[in-house]
Amino acid sequence: MNKVEAIQIANESLMANALNEGNTQFSQLVRYVSDEGWWLNIPLANFRKENHFLLCSEKARMIRHLMLKPNCILSPATKFRVKDGVADVFISAANPRKLVDVLQGGSKYSFNKHLIDEHRF
């Protein structure tokens, strides 16, 4: 699964062309220390516009679609670990119903309210 395929699956499921290369980040399930999850690297300027995130799990054959509306997270630099103007986010897959950033230096922000859909493939 790659970003283009994931965007196509999400757009077909939504019956719209809402996601594109410019407004969407794609993340595959990866190992991090003793955990598995998804990395997101979000430039702080992107919090002022609509962002889509596709979290892919090949094992579960599912893509979780998250969407952040413009300015829905005020002061992202206080909520996430930031390096060089980019918020580093790691969402643990240990509990897929809790889409929480677990990185040290962050505020354990939950992305649950931003979950749009889960697309099976």
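A quick note: this is a predicted structure, and the numbers were derived from the prediction, not measured.
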Give the cluster check for [X] versus [Y]: same hydrophobic cluster or not, with ILVMFWY residues linked at side-chain heavy-atom distances below 4.5 Å.
X      : Y      : result
Phe47  : Val86  : no
Val100 : Phe80  : no
Phe111 : Leu29  : yes
Met67  : Leu115 : no

Is there a side chain to side chain contact (heavy atoms under 4.5 Å, CB included) between Lys113 and Cys72 once you walk through the steps?
CA-CA 11 Å; Lys113 62 186 165 215; Cys72 71; over 6 Å; no

Quick one: does [X]'s side chain get under 4.5 Å of [Y]'s, heavy atoms only?
X      : Y      : result
Ile73  : Tyr109 : yes
Ile116 : Leu14  : yes
Ser27  : Phe53  : no
Arg81  : Phe90  : no
Leu103 : Asp88  : yes
Ile9   : Ile63  : yes

To the closest 0.5 Å, what do you measure between CG (Leu55) and CD (Gln28)?
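That separation rounds to 10.5 Å.
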
For the CG atom of Leu99 and the CD1 atom of Ile91, what is their distance to the nearest 0.5 Å?
6.0 Å

Residues in side chain to side chain donor-acceptor pair (under 3.5 Å) contact with [X], at least two apart in sequence or another chain:
X      : answer
Asp117 : none
His52  : Glu50, His65
Lys83  : none
Lys3   : Glu21

Please check: side-chain N/O of [X] versus main-chain N/O of [Y], any donor-acceptor pairing under 3.5 Å?
X     : Y      : answer
Ser57 : Ala60  : yes
Gln25 : Leu40  : no
Ser75 : Ala77  : no
Lys79 : Ser107 : no

Just jot down the side-chain contact (heavy atoms from CB on, under 4.5 Å) partners of [X], sequence neighbours excluded, or say none.
X     : answer
Asn20 : Asn23
Arg61 : Phe121
Ala10 : Leu19, Leu54, His119
Asn71 : Arg48, Leu74

May I ask you to check whether Trp39 and Tyr32 place their ring centres under 6.0 Å from each other?
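Yes: the rings meet the under 6.0 Å criterion.
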
Pairing residues for [X] by the salt bridge (charged side-chain N to carboxylate O under 4.0 Å, His left out) criterion, not counting sequence neighbours:
X      : value
Asp101 : none
Lys59  : Glu36
Glu12  : none

Enclosure of Asn2 CG (heavy-atom neighbours >12, cutoff 6.0 Å):
yes

ILVMFWY clustering at 4.5 Å (side-chain atoms), partners of Met62:
none

Determine the minimum heavy-atom distance between Phe26 and Cys56, stating which atoms define it.
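Nearest heavy atoms, Phe26 then Cys56: CE1-CB, 3.6 Å.
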
Between Ser92 and Asp35, what is the shortest heavy-atom contact and its length?
OG-OD2, 2.7 Å

